[in-house]
Amino acid sequence: MLHRLEFHAMGCKMLAIVDREQRPASLERVPSWFEEWENSLSRFRLDSELSQLNLHAGQPVRVSQILWDVLQASAEAENITGGLVNPLILNALINAGYDQSFDHLQEDRLLTFSETVAVVPYLGDVFTDPATQTICVPEGSQLDFGGVAKGWAAHQAMERLKIDGPALVNAGGDIAISGFNADGDFWPIGIEDPFHPETNFEILYLEQGGIATSGRDYRHWVHNGQSQHHIIDPSTGRPAETDLLTATVIAPTVMQAEAIAKAVMISGSEAGLSWLDSNEALAGLLILENGQRIDSRNLSKYY
């Protein structure tokens, strides 16, 4: 029996599912886990550990295991995407007008856009000392873990829940799956239609691992007649110029799926598809702004 819990955290709708006969007590604890992680990782909470770390840029700061682990996950994301995913993009996001939680942005604020190009340093410029678990953010820079934090949190919650039975955690589109459900079947995953919200563009079937969708269909606004969005290209410090509206990626872990989906968005359909097709462990569904659908060569395994 599927036991579900829906709640709101990290600015997104969340869903946790455990498949077993009796509803596990652990399911009720999931929101408190996300609250703890958000208290550490949110850039929108001025008293969060991340905000305090950014406030003390240029100085070494001892951090919690949570923040340390997410920084390591961010470093892996930067490595596997060739630098296209980089948490040192906060100044660029603020320049683009994304200076507070999207839920709280008003229409007049969305029209604000700085013409200043924000230089995005390499994550390697962040000094870390494993012996003391301290981090020093380069002076003038700020970290934003964004989707990396959501993917990491989804994975952590799934790992805790799977002790009680097959589990799935969906953190705002970043989905972690522990393995076959209790009947030995695949999990059906609906891919939302960016043109018709609340309806599915496709349904894919996964045994385990991660699936994530990155897109500019929701967090976007208009400046000087041009659509702007939150997916920053670190090479320009600007919202990425891409022909893709959304990119859904299946990977061995949700952290990898989230990072690669964002990198594919930045790369565009041609380079993104080539990347997906070159790796047997990956599959993807790309949707262009004109509604055209592009499947990677491995996607048919998930129909």
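- Between the W187 side chain and the G179 main chain, a donor and an acceptor come within less than 3.5 Å of each other.
- At a threshold of 4.5 Å between side-chain heavy atoms, the hydrophobic network of Ile, Leu, Val, Met, Phe, Trp and Tyr places I191 and F186 in two separate groups.
- Atom NE2 of H56 sits about 14.0 Å away from atom CD1 of I135, to the nearest 0.5 Å.
- Contact detail for L84 and S267: the closest heavy-atom pair is CD1-OG, 3.3 Å.
- Between the side chain of E289 and the backbone N or O of L245, no donor-acceptor pair lies under 3.5 Å.
- Side-chain contact, T213 with E192: no donor N or O sits under 3.5 Å from an acceptor N or O.
- Looking at Y303 and L204, their side chains come closer than 4.5 Å, going by heavy atoms from C-beta outward.
- The CG atom of N54 sits 9.5 Å away from atom CZ of R43, with the distance rounded to the nearest 0.5 Å.
- Closest approach of G210 and L206 over heavy atoms only: O-CD2, 4.3 Å.
- Taking 4.5 Å as the limit, every side-chain heavy atom of Q156 sits out of range of all side-chain heavy atoms of W33.
- Closest approach of L288 and F195 over heavy atoms only: O-CZ, 3.8 Å.
- Under the 4.5 Å side-chain criterion, counting only non-hydrogen atoms from C-beta, Q142 is not in contact with L88.
- Within the 3.5 Å criterion, the main-chain N or O of S42 finds a donor-acceptor partner in the side chain of S48.
- Both F7 and W152 belong to a single network of hydrophobic side chains, linked directly or stepwise wherever heavy atoms of I, L, V, M, F, W or Y lie under 4.5 Å apart.
- Here the closest non-hydrogen pair linking A153 and F34 is CB-CE2, 3.6 Å.
- Closest approach of I250 and I211 over heavy atoms only: CG1-CD1, 3.8 Å.
- At least one donor-acceptor pair closer than 3.5 Å links the side chain of D243 to the backbone N or O of S269.
- Inter-residue side-chain proximity for L276 and N298 is flagged as unmet; no heavy-atom pair is nearer than 4.5 Å.
- The two residues I231 and R216 make their nearest non-hydrogen contact at CD1-N, 4.3 Å.
- Not a single donor-acceptor pair under 3.5 Å links the side chain of S51 to the backbone N or O of D47.
- Heavy atoms of other residues, nucleotides or ligands lying less than 6.0 angstrom from CD of Q65 number more than 12.
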Query raised in the report: Do V30 and M14 pass the side chain to side chain contact (heavy atoms under 4.5 Å, CB included) test, and can you show the C-alpha distance, the side-chain angles, and the key distance before you say yes or no?
Result: CA-CA 10 Å; V30 178; M14 303 285 176; over 6 Å; no

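- The hydrophobic clustering, which links ILVMFWY residues whose side-chain heavy atoms are closer than 4.5 Å, places I189 and L2 together.
- Considering H3, R23, R20 as possible partners of D164, the one that fulfils the side chain to side chain contact (heavy atoms under 4.5 Å, CB included) test is R20.
- Checked by atom type and distance alone, the side chain of E258 never pairs as donor or acceptor with a backbone atom of K150 at under 3.5 Å.
- In this structure, T81 and K262 have side chains that are not in contact, with every pair of non-hydrogen atoms separated by 4.5 Å or more.
- Checking D233 against S235 by side-chain atom types alone, a donor-acceptor pair falls below 3.5 Å.
- Side chain of D19 to backbone of A182: a donor-acceptor contact under 3.5 angstrom is found.
- The CG atom of L282 lies 8.5 Å from the CD1 atom of I80; values are rounded to the nearest 0.5 Å.
- Residues F201 and I175 share a single hydrophobic cluster, defined by chaining ILVMFWY side chains whose heavy atoms lie under 4.5 Å apart.
- Salt-bridge annotation for E280 and R297: present, with a side-chain N of the basic residue lying under 4.0 Å from a carboxylate O of the acidic one.
- A donor-acceptor pair is defined here as one N or O able to donate and one able to accept, closer than 3.5 Å; such a pair exists between the side chain of S278 and the backbone of W275.
- Going from atom CD of E6 over to atom CG of L15 covers 5.5 Å, rounded to the nearest 0.5 Å.
- Note that CG of L168 and CD1 of I17 are 5.0 Å apart. Values are rounded to the nearest 0.5 Å.
- Counting only heavy atoms from C-beta outward, the side chains of L5 and V18 never approach each other to under 4.5 Å.
- Of the inter-residue distances, the one linking L50 atom CG with L55 atom CG reads 11.0 Å to the nearest 0.5 angstrom.
- The hydrophobic clustering, which links ILVMFWY residues whose side-chain heavy atoms are closer than 4.5 Å, places Y302 and F180 apart.
- Counting heavy atoms from C-beta outward, R62 and T134 have side chains that approach closer than 4.5 Å.
- Within the 4.5 Å cutoff, the side chain of V85 has no heavy atoms near those of the I266 side chain.
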